[in-house]
Amino acid sequence: MSTKESNGGEANEVLEKVASYGLHANMIIYLTGTYHMTPATAATVLLIWGAISNSMPIMGAFLADSWLGKFRVIALGCFVSLIGMVLLWLTAMIPGAHPPACKIAYVDCESPTSSQLALLFMAYGVMSIGSGGIRPCSLAFGADQFNRPTSGKSQNVRTLQTFFNWYYASLGLSLVTALTVIIYIQDHAGWRVGFGVPAALMVCSTTLFLLGSAVYIKVKGDKSILSGLVQVIVVSVKNREIILPSNSSDAWFHKTKGSKLTVPTKNLRFLNKACVIRHPEKDLNPDGTASNPWNLCTVEQVEVLKAVVRVLPIWSTGIMPAVVISQSFPVLQAKTMDRHIGPNFEVPAASFIVFSIITLTLWVAIYDRLLVPPLSRLTGRVRGFSLKQRLGIGVMLSCVATAAAAITERARRTEAINEGLAEDSQAIVNMSAMWLVPQYCLTGLAEAFSIIGQIEFYYMEFPKTMKSIGVSLVALGLGAGNLVASFIVVLVNKMSKTDGDVSWLDKNLNKGHYDYYYWTLTILGVANVFYFLVCSQIYGEEGQNNFWDEETEMNSGSELPVIA
C-alpha cells in the first residue's frame with residue numbers, strides 16, 4: 001500500500017478525533033458552568049449523549065457493510081458531524097442560546113429554558129448521528145488497506161495486529177493534542193473560540209479524507225448481510241419441526257462446490273435447520289441457488305449468525321470497563337485541587353485525562369515492539385497473549401482503577417474537611433491534582449487491554465464483509481457502558497439522599513461522598529471479573545470457528561477489495 005493511500009485516511013481520523021474529543025473532555029465544565037446543571041445532572045446528560053453516540057455506529061456499520069460501503073458512510077458522517085459542531089458553537093456564540101451568567105458566582109443562577117436545551121441537545125444529536133458514520137468504519141476502512149488476500153495468512157495476522165496497535169497509538173497522540181491544546185484554548189479564550197477551533201479542524205478532516213478518494217481500496221457492501229441474518233432466524237423457526245440430517249448428507253445447502261464449509265457446526269444446533277434442503281425441486285433453482293432465501297439459507301449464513309450470537313456474552317463483559325472509562329467526575333475533582341506546575345502555569349482540569357491516553361499509547365508501543373516477540377516464542381501465539389487473556393486483564397485493571405479513584409477521593413475530601421472547606425465548594429484544597437494521575441494511568445492501561453483487545457477480537461471473529469459491524473460492537477459496548485453508568489449515577493444520587501442525607505454525588509464535592517460511588521463501581525467490577533471467567537470458558541478457543549474468510553477471499557470475486 002502506498003504512503004499516499006494510508007496518509008489521507010489517517011490524517012482524517014487524527015483531525016476528527018482532535019475535534020470531537022476536544023469537545024467531549026471539557027463538556028461537564030460547560031454544562032455545570034454555563035448551563036448551571038448539577039454534577040449528577042450534567043454527568044447523566046453526557047452519559048446519555050455518549051450512549052447515543054456509541055449506539056449509532058451499529059447502524060452506520062450495517063449501512064456500510066450492507067449498502068453504501070465504508071468510504072461513502074465515512075464521508076457522510078464527516079459532513080453531519082460538522083453540522084453538529086457548528087450547532088454547538090452557536091450555543092456559545094448566540095447570547096440567548098444559553099442562560100445568563102449567575103448574579104453571584106454559583107449563586108442565584110437561572111436554569112436553561114426548554115428552547116436553549118433543545119438547541120444544545122440538537123447539537124448533541126446531530127454529532128451522534130455523524131459519529132455513527134465515522135466510528136465503525138474508519139478502523140475497518142484502514143484495515144482494508146493492509147489486509148490483502150495475496151499475503152500469507154500469518155503475515156496478514158501480524159500486519160493487522162501492528163496496524164491495530166499503532167492505529168490506536170496514533171489516535172492517542174491526537175487525543176493528547178485535544179486534551180491539552182484544545183482544552184487550554186477553551187479555558188483561556190472562552191467557549192466561542194474553544195468550540196470554533198474543533199469545527200474548523202472538522203472541515204480540514206473532511207477535506208483531507210475526500211482528497212484521497214481516488215487511491216483508496218474500497219470493499220463493496222454486501223446487500224445480503226443484514227437480511228441474511230434475519231433470514232436464518234425466520235427459516236430456522238419455519239423448520240423447527242424437522243429432524244437434522246447427518247453430516248454426510250447432501251441435504252446441507254452451502255454456497256459453492258469448492259467450499260470448505262459444507263456442514264454447519266454443532267453449537268446452536270437449532271439454527272442449523274435453516275440450511276437444510278427439504279424439497280430440492282422446490283427449494284433450488286436449476287443453477288443450484290436458493291429459489292427463495294426466506295425458505296432456505298446457506299451454511300455460511302448460519303455460521304455468521306452463530307458468530308454474532310457467540311460473541312455477545314464476551315461483549316457484555318466489556319460494559320463495566322466502559323463504565324469506568326466514561327467517568328467525568330474526576331474533572332470536577334481536579335478543579336478543586338492544586339493544578340499548578342511551577343509558579344505561573346495551571347493545568348486545565350480536563351487535561352488530566354491526557355495521562356490516561358499517554359499510558360495507553362506507551363503501553364501499545366512497549367507491548368507491540370518489546371513484549372510480543374518474546375511472548376510469542378513463549379506462548380506459541382503470534383499475538384503474545386491470547387485475545388481473551390488481554391480482555392480479562394483489562395476487566396481486572398478497570399477494578400483497580402476505580403479502587404484507586406476511591407482512595408484518592410477519600411484523601412482529597414478528608415484534606416478539604418481538615419482545612420475547614422466543607423461548606424465551600426469552590427475552594428482549592430491544598431492537595432496536588434497529580435494524585436489523580438495513578439487512577440488515570442490505570443484507566444488508560446485497562447482501555448489498552450480491553451478496548452484494543454475487543455477491536456481485534458471482533459475483527460478476527462467475523463467474516464470480511466462484516467468487519468465494520470464487528471468493530472462497531474466496541475462502540476455499542478461503550479454505549480451500553482454509558483447507559484449503565486447513567487443508571488448507576490441516577491440510582492446512587494437518589495438512594496444516597498434518602499431521609500434527608502446529603503447525596504454522595506452532591507454539587508459540593510466536599511460534602512458528598514464520591515469515594516463511596518467509586519467503591520460501588522469497584523464492587524460491580526469485581527463481580528464482572530467472575531462473570532468474564534464464566535463467559536470466556538463458555539466461548540471456548542478463539543478463532544476455532546473462523547473458517548470463512550479464506551474461502552470468501554479466494555472464491556468470491558464480488559467481495560474482494562476493489563481499487564477505485
Is the distance between the ring centroids of [X] and [Y] under 6.0 Å?
| X | Y | answer |
| --- | --- | --- |
| Tyr539 | Phe532 | no |
| Trp363 | Phe449 | yes |
| Tyr518 | Phe329 | no |

Taking [X] for its side chain and [Y] for its backbone only, find out whether a donor-acceptor pair lies under 3.5 Å.
| X | Y | value |
| --- | --- | --- |
| Trp252 | Ile277 | no |
| Arg240 | Val237 | yes |
| Thr317 | Ile314 | yes |
| Gln231 | Cys297 | no |
| Gln537 | Val534 | no |
| Lys282 | Ser291 | no |

Using the rule side-chain contact (heavy atoms from CB on, under 4.5 Å), only one of Ile52, Ile48, Leu46 pairs with Tyr124; which is it?
Leu46
Minimum heavy-atom distance [X]-[Y], with the two atoms named:
| X | Y | answer |
| --- | --- | --- |
| Pro321 | Ser450 | CB-OG, 3.9 Å |
| Cys399 | Thr522 | O-CG2, 3.8 Å |
| Glu300 | His254 | OE1-CA, 3.8 Å |
| Ala274 | Val302 | CB-CG2, 4.1 Å |
| Ser81 | Ser131 | OG-N, 3.6 Å |
| Asn54 | Gly479 | CB-N, 3.1 Å |

Is there a side-chain contact between [X] and [Y] (heavy atoms, below 4.5 Å)?
| X | Y | value |
| --- | --- | --- |
| Val276 | Leu244 | yes |
| Val490 | Thr44 | yes |
| Phe253 | Asp283 | no |
| Leu47 | Leu483 | no |
| Asn239 | Arg278 | yes |
| Arg390 | Glu456 | yes |
| Leu521 | Ile488 | yes |
| Lys306 | Leu271 | yes |

Would you please test Leu284 and Thr289 for side chain to side chain contact (heavy atoms under 4.5 Å, CB included) and show each step?
CA-CA 6 Å; Leu284 300 177; Thr289 59; over 6 Å; no
Between [atom1] on residue [X] and [atom2] on residue [Y], distance to nearest 0.5 Å:
| X | Y | atom1 | atom2 | result |
| --- | --- | --- | --- | --- |
| Thr520 | Leu491 | OG1 | CG | 9.5 Å |
| Ile451 | Leu478 | CD1 | CG | 4.5 Å |
| Tyr531 | Cys535 | OH | SG | 3.5 Å |
| Ile242 | Lys273 | CD1 | NZ | 6.5 Å |
| Ser328 | Met27 | OG | CE | 11.5 Å |
| Leu391 | Trp315 | CG | CH2 | 14.0 Å |

The test is side chain to side chain contact (heavy atoms under 4.5 Å, CB included); show your working for Ile134 and Cys78 and say whether it passes.
CA-CA 7 Å; Ile134 299 172; Cys78 287; 4.0 Å; yes
Under the rule for salt bridge (charged side-chain N to carboxylate O under 4.0 Å, His left out), what residues qualify as partners of Lys388, not counting sequence neighbours?
none
Verify side chain to side chain contact (heavy atoms under 4.5 Å, CB included) between Tyr517 and Gln327, making sure each step is shown before the conclusion.
CA-CA 11 Å; Tyr517 167 75; Gln327 295 302 307; 2.8 Å; yes
No-hydrogen, no-angle side-chain donor-acceptor test under 3.5 Å, Ser128 and Trp49:
yes
Return yes when atom [atom1] of [X] has more than 12 non-hydrogen atoms of other residues, nucleotides or ligands closer than 6.0 Å, and no otherwise.
| X | atom1 | result |
| --- | --- | --- |
| Phe487 | CZ | no |
| Asp250 | CG | no |
| Phe121 | CZ | yes |

Verify side chain to side chain contact (heavy atoms under 4.5 Å, CB included) between Ser326 and Asn482, making sure each step is shown before the conclusion.
CA-CA 7 Å; Ser326 66; Asn482 292 140; 3.2 Å; yes
